[in-house]
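First up is the structure itself, then whatever we jot down about it.
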Amino acid sequence: MMEDASGIPIERTITPYLIGIVLALTLTAIPFGLVATGALDRSTTLGVIVVVAVIQIFVHLRFFLHIDFASTPKENLIALAFACVLIFIMVGGSLWIMFDLYHRMMV
Amino acid sequence: MDIIFGRLTIDSLPFYSLIAASGAGVTVLGALSVVAVITYFGAWRLVLFDWISSIDHKKIGIMYIMVALVMLMRGFIDAAMMRSQQAIAFNSDGYLPPSHFDQIFTSHGTIMIFFMAMPFLSGLINLIMPQQIGSRDVAFPFMNAISLWLTTAGAGLVLVSLVIGKFSTAGWTGYPPYSGSEFTPGVGVDYWLWAVLISGIGSTMTGINFLVTIIKCRAPGMTMFRLPLFTWTVFVTAILMVFAFPSLTVACGMLVLDRTVGMHFFTNGMGGNMMNYINLFWLWGHPEVYILILPAFGVFSEVVAVFSQKRLFGYISLVLATMAIGFLSFTVWLHHFFTMGSSARVNSFFGTMTTIIAVPTGVKVFDWLFTMYRGRIIFKPPMLFTLGFLVTFTIGGLSGVLLAMPPVDYLMHNTTFLVAHFHNVIIPGVLFGYIAGYMFWFPKAFGFKLNEKWGTWSFWCWIIGFYLAFMPLYVLGFLGMPRRMEHYDIAAWQPHLIVAAIGAFIIFLGIVCMAVQLVVSIRDRNEALDLTGDPWNGRSLEWATSSPTAAYNFAVLPQVQSIDAWWDMKQRGVAYKRPDAYEDITLPKNTFISAVIGGAGFVFGFAMIWYIWWLAILCLAVIAGAVIVRASDDDSDYVIPASEVKAIEDARFAQLAKAPKNEMADDPGFAGQPVAEGSA
Amino acid sequence: MTATAWTNVSPRDAEKYEEKEFGFWLYLMSDAIIFSLLFATYLIMVGNAAGGPTGKELFSLERAAGETALLLFSSTTFGLAAVALSSAERSKVLLWLAITFALGAGFIFLEIGEFRGMIAEGAGPDRSGFLSSFFTLVGTHGLHVSVGLLWIAVMIGQVLFKGLTAPVASRLMRLGLFWHFLDIIWVVIFSVVYLPGLL
């Protein structure tokens, strides 16, 4: 996809969307199927759900949002990376703090 | 509950107490006198069509600063009332009943942070930053105006709370469960929440705007590492705004849901977790204090270089320190609630990070000191405020390092020691910085300088008043006095509180000096005209434009070749070169839509507070409609033809030819003794 | 590839559209922070059912699957609208936008049904901390989708009345960013809320 940095597409094809939907449907069917059938135990299922979700996010970023190292402007990538780091700190920090407080203050 | 008026009734008017009625009276009178003054000068056309509908960043900046200065006075009145109450309330009720005192400390903090400091920094940045990077405006002028009007809407809600209903008594931090509907039903906390939420949306948009502007709208040759330090601090501040304000929106949004719809995020039962509010609030709150101070650090960087007549020392270290502060500010937030009960592991992690974040600020202080070393210092008011900052802020920073240690904080948390610490960094840091910026850049905005004698007196009142008002609070903290106390029975505290009240009075004199300074400067403006646009022999590009700046900022965008771009152009002799040719310049048209959105935001907040649902829905519809109308408008610019640009520039060059020698070029004057115009 | 109105965009206008796209991207990053904090709150409060109903009792795998399918397909149909946009086929743009709208509206219809059902059986957001955080997290996403639907409707109007001009194209691309972003959030929602809740 030859995309001008203005975000206005010069050319869009159907291919990435087809790949995207097939992958996304697969990556959705797996966790839904595991929950529906109860095939694996709880913690393994949770692990699969998380892994598959992360992969699906990348699928969406790549095939629907056309984010890649070639055509996406550098500053957009940096903003995304920074947001991910901050989300890790904020969510991770909050969970650490709140569960620590829960153990000390609410049990 | 009434369908038409929600929970608004005649009892919402403040006739239950003399003090409340006086506050309401002053507010109403203030609003009426503004209307009267505009009418008297026949200035409605000017106000409406040149200012309220303007989306020019310079005008937006000036309007922000006007909001900030008005709210500084309102917030200061709160402070004066608290100081006088505490000075007399030993074994006595004083003159303020507790519920009133509680509203006052709540509004003091809320106003000073959200409606004084934030608009002040947004205003200075708006006025100056695009000029510093050689741009014609910010990236999104229309959104810029929306931010201004949403901030004003929030300030308006706080002011209206003086007249209709009451304000919050839950402190500027609004902790549940006290701030929840079980313990504080009524409109007070809701006023606070909507004022904060609405202006917070404005701040988030401002952050996005500034960030895109700096990244995308720089003049040719203006690489990131040639940016002036003020712009660097704005860059990091904007990143903090974009990424921190969402947390405030979430915290306050959840509290709104608890109070309005009966949810259980922070209730004392039914599965609520009130500690999560504190976590979310301070996730925002800590970056917020760096949002407040970083632009002030940027101002100091500019002022110290210009008034030491020397290049800023350690550019790279200042940039890296700013970036470090920005990043680290997201890793320390728990130090605001060490005592909430986390384990030693959690507390010591955040305590360590807090101690670390002091280091880059220390680097900056040394860089400023080294800039002054072997400079030729000019003691004009902006520099006086900078010197006052360097000494006083350091004390506040040190008390912060003390508090960073959890065991110490367990003793000092929520005592007046903490109050002294944060005022000791905010007043000399944030406020002195913005006052210095206001005096430094005033000529750029209006074309004439502020009176330096009154500026100097204002500085001395502020700094002496500050020490008298806040050093006793450190002592009181050690003596065990908690914060927010409406009365007390420990005799040893009173002398300190009396000294503090005297300090507050001297600060009041400092504010009076600033007001007099403004009046005198306007009266005498023709004797202090800035005809060159560069009254201080400045170093960065904002001094290349005329004063006041033309609508388009630069007739021809500058070609930047170095740090201190304007200074470099002056050294190379190209500073005032006439361009060969001018081009048409496209600028955005004025529009009332942004003010309409702000106004609808104000009414929406009011409607949500008073449960007037039909009005809230109507306001949302108006906002949606306004956005859609604007988003369908593909013809929102106008063109200044090259001939008109030439005419404006020719007039400017003619004025330049008549300008007297710049007093700061070779013969520096001392504060209070400006060099006479035209002397050699 | 056919020549379109925006391949002849002036450099200055191209810069402007670039700025708008980057600014919108930054807004999406701030929205990502909001959602991540809503997720964090949900995880903190998922056990706080206060003796009331839990996810296991309330959630429906079939409905979650239906909502997921609707939103996922709507992302694809929006992509097809973008393809039509790039080859300047106005009627196809309108068709795919309309289908996207219908799928999104179907999603909202299912979600409103879910919320109403829960409220009717006494499991509303005021029942417990867990339910407050559930309704707020999923409801905030639903609100975003609803705003997106309004935006799609406005864009259908703009394409009808202005055609595929450069400003219209720029707005459509930003809408696309928004719409795909919301599908990403939904992936996290079913992975954090519905699937673990039903385990």
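Quick note on labels: first sequence line is chain A, next is B, and so on, each numbered from 1.
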Margin query: Return the CD to CD1 distance between C/E18 and B/I215, rounded to the nearest 0.5 Å.
Written below: 11.5 Å
Item checked: Over all atoms of both residues, closest heavy-atom pair of C/S132 and B/M263 -> OG-CB, 3.4 Å
Notebook entry, point to check: Any idea which of B/N273, B/V212, B/T204 has the most non-hydrogen atom pairs under 4.5 angstrom with chain C?
Noted result: B/V212
Notebook entry, point to check: Just how far is it from atom CG of C/D126 to atom CE of B/M270, taken to the nearest 0.5 Å?
Noted result: 7.5 Å
Checklist line | Region of B/D633 in contact with chain C, defined by heavy-atom distances below 4.5 Å | finding: backbone
Item checked: Pairwise distance CH2(C/W25) to CD1(B/I208) - rounded to 0.5 angstrom -> 13.0 Å
Note to self: At a 4.5 Å cut-off on heavy atoms, which part of B/M143 comes close to chain C: side chain, backbone, both, or neither?
What the structure shows: neither
Check: C/L26 versus chain B, heavy atoms under 4.5 Å apart: side chain, backbone, both or neither?
Finding: both
Checklist line | Choice from B/S632, B/G262, B/A139 maximising heavy atom contacts with chain C below 4.5 Å | finding: B/S632
Margin query: If we define contacts as heavy-atom pairs under 4.5 Å, which of B/F265, B/F266, B/F243, B/F140 has the most with chain C?
Written below: B/F265
Checklist line | Distance, nearest 0.5 Å, that separates OG1 of B/T249 from CG of C/L37 | finding: 10.0 Å
Check: At a heavy-atom separation under 4.5 Å, does C/K16 approach chain B through its side chain, its backbone, both, or neither?
Finding: side chain
Notebook entry, point to check: With only heavy atoms counted, which part of C/E19 is less than 4.5 Å from chain B, the side chain, the backbone, both or neither?
Noted result: both
